[in-house]
Amino acid sequence: MIKAVRGTRDLLPPDTALWNFVESAARDVFRAYNFQEIRTPIFESTELFARGVGEETDIVSKEMFTWEDRGRAESEKGNSLTLRPENTAGVVRAYIEHKLWDHGLNKLYYIGPQFRRERPQKGRYRQFYQIGAEAIGPASAGSESPARDAEVLEMLATLLDRLGIAGWNLELNSVGCLNDRAAFNDALRKALEPVVGKMCTDCQRRAVTNPLRVFDCKVPADQPIIDTLPRISQFLDEACHTHFEAVKEILTKVGVPFTLNDRLVRGLDYYTRTAFEFTHGALGAQNAILGGGRYDGLSESLGGPAAPGIGFAIGEDRIVMSLQESSTAESMLTKPDVYLAPLGAGMNAQAARLARELRRHDIVVDLGDETFRLKKSFETATKAGAKYILIVGENEVKADAFALKNLATGEQVSVPRADLPNKIRE
RNA sequence: GUGGGAAUAGCUCAACUGGCAGAGCACCGGACUGUGGCUCCGACGGUUGCGGGUUCGAUUCCCGUUUCCCACCCCA
């Protein structure tokens, strides 16, 4: 048997109803903030992710699905292509390619699959789904304003509340600009030098490759040491500090609760200033349901003009997972308003005509078959959750009035053809 | 990529120290020829994930492999 490949899965009804619920709630909320949809290709030049996400990140160095395309001629070498591991780089690429700065501030959202070659576990798949948004444009259009950061964060709080996800927590930090980070990294290396020998092997490695990540360490014995290390907050320059203060002030005034976490660092190279994560308990080790931040230098690093921006990506798989605990996807499924039961030879055609009429009135119609015994039609209609069953037999056709039975109450009446739509919608 | 656990009917799970592979639910049919849900009866359903080994005999023990799960690494 051929099975779905490692780390991929089929989404089936009734669960798909839950996915649609999440996606349409997101679209509704985004619309209220005037975000518009963008759709970018699911594969791009490998170079885009190497330059955008960062050559040294785990994502680029070992977690991408990359292959070489065929060249135009036999002798010619093809391009290196990659399934997108995230969507921000693609959006910024499109921003540059289509000169979207002509529109001032762009508020864009996307919903779609992403791909990472990681070891699968619960809430982590090789094809996973993200719902994300980016506010990007020239600084003169307000893209660099703390108002954007606060707007995006408040939008996310609204969406999570709307989805009924109780108990989310917004963790907030500022990772400063590139200069701040350089100074902080130096200080961190210096501070780590005398103590790193006492830390876990992971931290010893991180101290060399990416000192920032030492803050992610969960080894209890290392925590007292980590507590003594310098924090990025001490290295923010005047502009970054002011920016961060303004974001916090707006959030407080609009009533979005947050927790400051000066150990929060993000894995992708392009993040600057505001960095955030929404977490939710009861999701195991994968407790982050969304993450994001500002990426003021990303456009330039991809060869574009200065275009400050802020965005986020929601792990849709994890949102759906947390909803499955509280709500039943079953209840979100569309159910037929009426089940048509053709009874006897020639009745399929009669039922088809009726079904067509009813569907024109936006009535959800399910249709049986004339060879079914009536008992079977009733069973099928009941199992499908239909509200009514309509019998289409010789007698009914002759009288041009049909037996309509309410499957919940058991009440059955004969209804003239012309009255059916109104009667069914009652 | 590292460490650990698991895999038996469509689903949830049994099967004693290694001795005929089972139940509940679901599905299909019947009791009931144009009236469902409840009840009763019946039928269907399996190379025990896959491949090898030990054995008279393997779902059971051993080795390999695949997938899922848990935790790392990392991340949404």
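If you're wondering where the values come from, they're calculated on a predicted model, not measured in any experiment.
Side-chain contact between A:Ile59 and A:Met64 is present, with at least one heavy-atom pair separated by less than 4.5 Å. Between A:Ile363 and A:Arg425 the shortest side-chain heavy-atom distance falls below 4.5 Å. The shortest distance between side-chain heavy atoms of A:Leu188 and A:Leu229 falls below 4.5 Å.
At a threshold of 4.0 angstrom between heavy atoms, the contacts of A:Asp317 with the nucleic acid are absent. If you check every strand for non-hydrogen atoms under 4.0 Å, A:Gly385 touches nothing. Using a 4.0 Å heavy-atom criterion, one finds that A:Glu118 contacts the bases of the nucleic acid, with or without backbone contacts as well.
Of the residues in residues 338-357 of chain A, A:Leu343 come within less than 4.0 Å of RNA chain B through at least one heavy atom, sorted by number.
In this structure, B:G24 forms a base pair with B:C11, meeting either the Watson-Crick or the G-U wobble geometry with both donor-acceptor distances under 3.5 Å. Base pairing of B:U17: no nucleotide in any strand meets the Watson-Crick or G-U wobble criterion (both distances under 3.5 Å). With a cut-off of 3.5 Å on both Watson-Crick or G-U wobble distances, the partner of B:C68 is given as B:G5.
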Base-contact (B) and sugar-phosphate-only (S) positions in nucleotides 40-51 of chain B, heavy-atom cut-off under 4.0 Å, - elsewhere = ------------
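Screening A:Arg9, A:Arg126, A:Lys122 for a salt bridge (Lys or Arg N to Asp or Glu O under 4.0 Å) with A:Asp317, the sole residue that qualifies is A:Arg9.
The aromatic rings of A:Phe215 and A:Phe184 sit parallel to each other, their planes meeting at less than 30°, with 60° as the upper class boundary.
Summarising the local packing, CD of A:Glu47 is surrounded by 12 or fewer heavy atoms from other residues, nucleotides or ligands at distances under 6.0 Å. Counted within 6.0 Å of CD on A:Gln223, heavy atoms from surrounding residues, nucleotides or ligands total more than 12; the atom is thus considered enclosed.
Side chain A:Lys405 to base B:U35: a donor-acceptor pair is found below 3.5 Å. A donor and an acceptor atom never sit less than 3.5 Å apart when one is taken from the side chain of A:Arg124 and the other from the base of B:A76. Between the side chain of A:Gln412 and the base of B:G36 there is no donor-acceptor pair of N/O atoms closer than 3.5 Å. On a pure distance criterion of 3.5 Å, a polar donor-acceptor pair joins the side chain of A:Arg119 and the base of B:G3.
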Would you please test A:Gln350 and A:Asn348 for side chain to side chain donor-acceptor pair (under 3.5 Å) and show each step?
-> CA-CA 5 Å; A:Gln350 298 291 340; A:Asn348 271 345; over 6 Å; no
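For the P atoms, the distance from B:U17 to B:A7 is 16 Å, rounded to whole Å.
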